[in-house]
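Step one of this worksheet: look at the structure below.
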Amino acid sequence: MPIRMNQVFSESELQTLVAAFNTVIPEDEDPGAWEGGVCSLLEEHINDFMKWSVDPLKRAVSTLDATSSQKFGKSFLALNPTEREVLFGEALELEVPEISPTSMAQISLAPINTIVRVAYEGFYGGTSEPAGWKVAGFKLLNGDVQLVEPAPIPSTPTDQLLNSYYAVIVGSGAGGGVVAAELAKAGKKVLLVEQSRPHHPSELRGNLLQGKREQMYNVTANLGAGHPRVLENDDGSTQILNAQDSAADYAATAVTLGGGTRLWQGMSWRFFPEDFTMATTYGIPENSTLADWPFTYEELAPYYDRIEWELGVAGDSQSAVAKAHPGRKPFPMPAFPDDKSRIILKGAIEKLGGQVSPVPLALNSVPRDGRPACVMCNQCVGHSCPVNAKNGTHNTFIPRALATGNCDLIQSAQVTSIEHDANGQATGIHIYLSDSDEPRRIFIRAEKIVVTAGAIETPRLLLASGIGNSWVGRNHQTHGVVSSIPTKNAPQQDMTGPGHSVASIDYVHRNGEAYGGGVIFDMPLHNPLILAERNRTVAQFGHRHKQLMRTGNKSIGLVSMVQEIPDARSRITLDPVVKDVAGMPAARIYAVANPATAIATQYIADACEKWLEAAGGEKILSTVMSGGSRGHEHSAGTCRFGRTPEEGAVDPNGLVFGTQNVYVADASVHVTNGGFNPALTVMANALRIAEKILQAH
């Protein structure tokens, strides 16, 4: 047994645990739980994020041995496999669940349930392609795919930084990468500042426990310890969210070079014209900050065209999605081919008089820009691409900016404040560098500051700097979300990547209904860990469970992004007490779901259920989240556009009201966030703001 494990468990405890784990997932033509991933998971992480399991696992050994002695007159280890299954099932059925008092999402401390949970996490989740992936039909990468692994982009040494730049850009995601490329291409000297450390591509894939989408434990593409946030509850009480143990609440937004665009699945939607005139179209619900944008879709349309081509989007130029925006350029790459989900769902919605389109994806459907085509792997959503075929700012706009010779990049660099005078003239930024054992602080001068740190960190920086009006931090929104799946007679996925394939826009701004509704698309591929939890209600352990994982319940489902109606009470502020490792006040998040959003989500849930029933599914289970985000992905609105300071935090060109040279160019500026994933709109608008900055010079 591994030395580290022997330091935690006795030899007899380990032997009993091996037998128990292999009772949950027994050996057959494929390994059992222990050799198939649990041993590796515990050996590597028993002293960090799996440390929670030590006490309940020790109690599980005692419980199994005591129960076995009472029933069979011998220890659990002395039982034959059939006797172990019988005893384990009885113990599991009698157990009363316990929930951890920690903030980590729903960790069961009940000992026998802990055996099941750790077996699943090691065999189906794992941190390096465990055996359960093959069992569940999940495409392996190591050995099955010729990996393309570009080295991390290096930072500019601090002693080579300029004394002053034309612009400093805070954040390298969808907005920041685009702004950096546009300004550098125009011959301007810019500094791109990214808070994350550099990540090798291999760190950001093959791990279904620490991935951005799974968020079971300390997410790799995240800041980790020393960067708390504070969640304010309705009663005024607070909860501190730490990235390393509050992943589900804290870490949905990727923190890495390229931001979310490095790990997204690339759904590249344009907003509809009505998304820019929501207040005029639907009226303003009570307590809502719903408003029209200060410019129209028509102004943004040419920037959408440019971004689709400069980023690289694959889509069907004759589809309903394309035709919803007359006058647009065709997609630069063809759509991905039909798969089982698209064929089944297309036939189903046509019975209802509707139509579908391939999902437009920022993935190479064909080789492009010196990089290969997608290999159709199963883990696109929330993970880095194994062949560099996923298009984000990390491998498009940022390399282009650096190639001009006009852009410097620093990473592991947190901007803690913007220096400015009483007239709103910013002179530079204060940076906390954590790229060594001895963090240090530097000051960088710039003519212009462009903040693109995301809809939580952008207002946090402005507030910490004493910049902006009362709109800064207000209007926080993401999306309502609907997930629907049949629980009987469900059509099945074929587990072909990249993931999302087919969409309907039939319920977007349909006859003035439901505050604009939202796009509906197929559920992403079931990762093995989620599939195991879903199958647990049928067979949670033993040979029957393992066979079910091979053959059953990979149901086709539907997901929707739904318009969230912004509420005046949802906002980001600074906590008066809690600070991060750099001494900067933590972001304090308060969220309210406006009742109007519930109208939209229920409307979409009804549509999803009808569509799945037309596909032959029965007993549709819908999960509905009606807004009120605590800061998950798609956060927006906290520095919104306005024609005047009375209407928003920034002017139509992104200039922060009350300043002369501080701009915002991320989703913070969105007045409303559409019924779609917003990344393409962030990029198009960042391109537009960069152009306005250059024109203002």
Side-chain angles (χ1 to χ4, degrees), residues 267-275 277-278 281-282 297 315-328 330-331 335-361 479-494 500-524 555-563 596-624 674-677:
M267 287 198 285
S268 298
W269 307 102
R270 296 186 181 203
F271 283 4
F272 273 38
E274 294 92 334
D275 292 319
T277 59
M278 286 289 290
T281 303
Y282 295 98
Y297 166 82
D316 181 355
S317 297
Q318 301 303 314
S319 67
V321 164
K323 292 178 180 178
H325 301 96
R328 59 170 297 152
F331 288 108
F336 280 77
D338 286 354
D339 59 7
K340 187 176 180 181
S341 295
R342 191 184 302 172
I343 292 168
I344 291 173
L345 291 172
K346 178 177 184 293
I349 205 168
E350 286 175 349
K351 296 177 186 177
L352 303 175
Q355 57 184 329
V356 297
S357 301
V359 174
L361 296 170
H479 284 113
V481 179
V482 175
S483 299
S484 299
I485 193 165
T487 59
K488 182 181 179 182
N489 295 333
Q492 299 290 295
Q493 294 179 340
D494 59 10
H500 301 300
S501 170
V502 58
S504 169
I505 56 171
D506 290 352
Y507 301 93
V508 177
H509 298 295
R510 175 168 164 160
N511 303 320
E513 298 172 337
Y515 296 99
V519 64
I520 303 174
F521 44 88
D522 57 326
M523 189 172 284
S555 305
I556 290 174
L558 295 172
V559 179
S560 178
M561 297 293 106
V562 185
Q563 292 270 1
T597 306
I599 296 172
T601 51
Q602 188 56 55
Y603 169 82
I604 292 297
D606 293 343
C608 289
E609 290 169 15
K610 291 176 183 176
W611 191 357
L612 290 172
E613 287 168 353
E618 299 179 32
K619 296 186 178 180
I620 313 301
L621 174 64
S622 290
T623 302
V624 178
F676 300 90
N677 306 55

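By convention here, the first residue in the shown sequence is residue 1.
Counting all heavy atoms, side chain and backbone alike, S341 lies closest to Q493 at OG-CG, 4.0 Å. The minimum heavy-atom distance between P491 and P486, with the atom names listed, is CD-CG, 4.3 Å. Looking at every heavy atom in both residues, D506 comes nearest to G354 through OD2-CA, 3.0 Å. The shortest heavy-atom contact between N677 and M267 is ND2-CE, 3.4 Å. Between I343 and D338, the closest heavy-atom pair is CG1-CB, 4.1 Å.
The side chain to side chain donor-acceptor pair (under 3.5 Å) search around Q602 returns D606, not counting sequence neighbours. With sequence neighbours excluded, the residues that form a side chain to side chain donor-acceptor pair (under 3.5 Å) with T601 are S626. Contacts of H509 classified as side chain to side chain donor-acceptor pair (under 3.5 Å), with partners at least two apart in sequence or in another chain: D275, Y282. Partners of Y603 according to the ring pair (Phe, Tyr, Trp, His ring centres under 6.0 Å) rule, which considers only residues two or more places apart in sequence or in another chain, do not exist here. By the side-chain contact (heavy atoms from CB on, under 4.5 Å) test, I599 is found to be paired with Y515, residues two or more places apart in sequence or in another chain being considered. Under the rule for a ring pair (Phe, Tyr, Trp, His ring centres under 6.0 Å), F336 has no partner lying at least two apart in sequence or in another chain. Remark: R510 engages no residue in a side chain to side chain donor-acceptor pair (under 3.5 Å) (not counting sequence neighbours). Not counting sequence neighbours, E513 has no partner by the salt bridge (charged side-chain N to carboxylate O under 4.0 Å, His left out) test. Looking at residues two or more places apart in sequence or on another chain, you find a side-chain contact (heavy atoms from CB on, under 4.5 Å) between K340 and I344, Q492, D494. Legend: residues meeting side-chain contact (heavy atoms from CB on, under 4.5 Å) with S268, ordered by chain and number and at least two apart, are W264, V313, A362, L680. Residues passing the ring pair (Phe, Tyr, Trp, His ring centres under 6.0 Å) test with F331: none are found, sequence neighbours excluded.
Note that OG1 of T281 and CD of E274 are 6.0 Å apart. Values are rounded to the nearest 0.5 Å. Rounded to the nearest 0.5 angstrom, I505 CD1 and S319 OG are separated by 7.5 Å. To the nearest 0.5 Å, atoms CG (L558) and CG (D522) are separated by 7.5 Å. In this structure, S501 OG and K346 NZ are separated by 12.5 Å, a value rounded to the nearest 0.5 Å.
Classified by interplanar angle (parallel below 30°, tilted 30° to 60°, perpendicular above 60°), the ring pair F676/F272 is parallel.
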Could you walk me through whether V559 and M523 pass the side-chain contact (heavy atoms from CB on, under 4.5 Å) test, one step at a time? CA-CA 5 Å; V559 179; M523 189 172 284; 4.0 Å; yes

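Looking at H325, its side chain does come within 3.5 Å of a backbone N or O of F271 through a donor-acceptor pair. Checking side-chain atoms of D316 against main-chain N and O of A335 turns up no donor-acceptor pair under 3.5 Å. The backbone N or O of A320 lies less than 3.5 Å from a partner atom in the side chain of S357, making a donor-acceptor pair. N489 places no side-chain N or O within 3.5 Å of a backbone atom of G616 that could act as its donor or acceptor partner. Side-chain atoms of T487 come within 3.5 Å of backbone atoms of K619 as a donor-acceptor pair (strictly under, hydrogens ignored).
Evaluated for a side-chain contact (heavy atoms from CB on, under 4.5 Å) with V482, the options T623, I520, I604 yield exactly one hit, I604.
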For residues 608-615, which side-chain donor-acceptor pairs fall under 3.5 Å, sequence neighbours excluded?
from : atom 1 : to   : atom 2 : distance (Å)
E609 : OE2    : S622 : OG     : 2.8
W611 : NE1    : L345 : O      : 2.9

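Contact of the H500 side chain with the P524 side chain is registered, since non-hydrogen atoms from C-beta on lie closer than 4.5 Å. Inter-residue side-chain proximity for M278 and Q563 is flagged as met; some heavy-atom pair is nearer than 4.5 Å. Contact of the V321 side chain with the W269 side chain is registered, since non-hydrogen atoms from C-beta on lie closer than 4.5 Å.
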